[in-house]
Amino acid sequence: MATSGARGGQLGGLRQWWGVLAGVLLIAAWVHAAAGPAVVIVLSAAVSFWSFFQAPMPCGAPVRGHPDGCRNNAYGLLLGCHIRQHRWQKLKMLIVRRQVRAFCAGLFSDGKAVVVTLAGLGSFVSGLVALVPGVVVH
């Protein structure tokens with residue numbers, strides 16, 4: 001079996017962007033009403049999971065000497081990089097009232113973060129709308 005690139009496997013770096021494909025399918029499911037609410041709920045959950053836990057993002061955990069935070073690669077909006085303390089710091093930023101503003105500022109720090117944030121929020125709202133019958137006016 002031949003491998004391509006440093007990651008190995010045939011998909012290479014595309015494996016980490018599967019949530020974008022799920023997001024496109026979610027939009028198509030909303031456009032075509034024949035898909036049904038079950039498909040919309042499953043796709044919404046998949047895109048939300050990808051956005052919160054698997055999307056490639058910068059870490060952003062608070063670090064001395066860097067006003068933007070840690071610049072290591074991380075996964076998802078809620079998880080930090082490979083440094084164990086940074087994982088806990090990102091989750092702690094959501095709980096500690098004084099740090100929520102810093103966490104929210106990191107959600108819109110660059111183009112990649114904006115796309116992942118909007119995908120996560122949109123899929124979460126999409127799932128809620130699909131769960132509550134009668135909210136969408138036909």
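When a residue number appears, it is its place in the shown sequence, counting from 1. Worth saying up front: this structure is predicted, and the values here are computed from it rather than measured.
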Tell me whether [X] shares a hydrophobic cluster with [Y], the cluster being built from Ile, Leu, Val, Met, Phe, Trp, Tyr side chains joined at under 4.5 Å.
| X | Y | answer |
| --- | --- | --- |
| V20 | F53 | yes |
| L25 | V125 | yes |
| I27 | V114 | no |
| L118 | W18 | yes |
| F49 | L78 | yes |

Residue pairs, two or more places apart or on separate chains, that pass salt bridge (Lys or Arg N to Asp or Glu O under 4.0 Å) and touch residues 70-83: D68-R71

Could you report the tightest heavy-atom contact between [X] and [Y], atom names first, then the distance?
| X | Y | answer |
| --- | --- | --- |
| Q54 | Y75 | O-CD2, 3.7 Å |
| Q89 | P62 | OE1-O, 3.6 Å |
| G120 | F52 | O-CZ, 4.2 Å |
| K112 | M57 | O-SD, 4.4 Å |
| H82 | R87 | O-NH2, 3.5 Å |
| V47 | A119 | CG1-O, 3.7 Å |

Can you find a heavy atom in the side chain of V129 that is under 4.5 Å from one in the side chain of W30? yes

Could you tell me the separation between the [atom1] atom of [X] and the [atom2] atom of [Y], rounded to the nearest 0.5 Å?
| X | Y | atom1 | atom2 | result |
| --- | --- | --- | --- | --- |
| L77 | L107 | CG | CG | 6.0 Å |
| L26 | S48 | CG | OG | 8.5 Å |
| L79 | C59 | CG | SG | 9.5 Å |
| N72 | I83 | CG | CD1 | 5.0 Å |

Can any side-chain N or O of W50 pair as donor or acceptor with the backbone N or O of Q16 at less than 3.5 Å? yes

State whether a side-chain donor-acceptor pair under 3.5 Å links S123 with S44. no

Verdict with supporting geometry, V40 and S126, side chain to side chain contact (heavy atoms under 4.5 Å, CB included): CA-CA 7 Å; V40 172; S126 169; 3.6 Å; yes

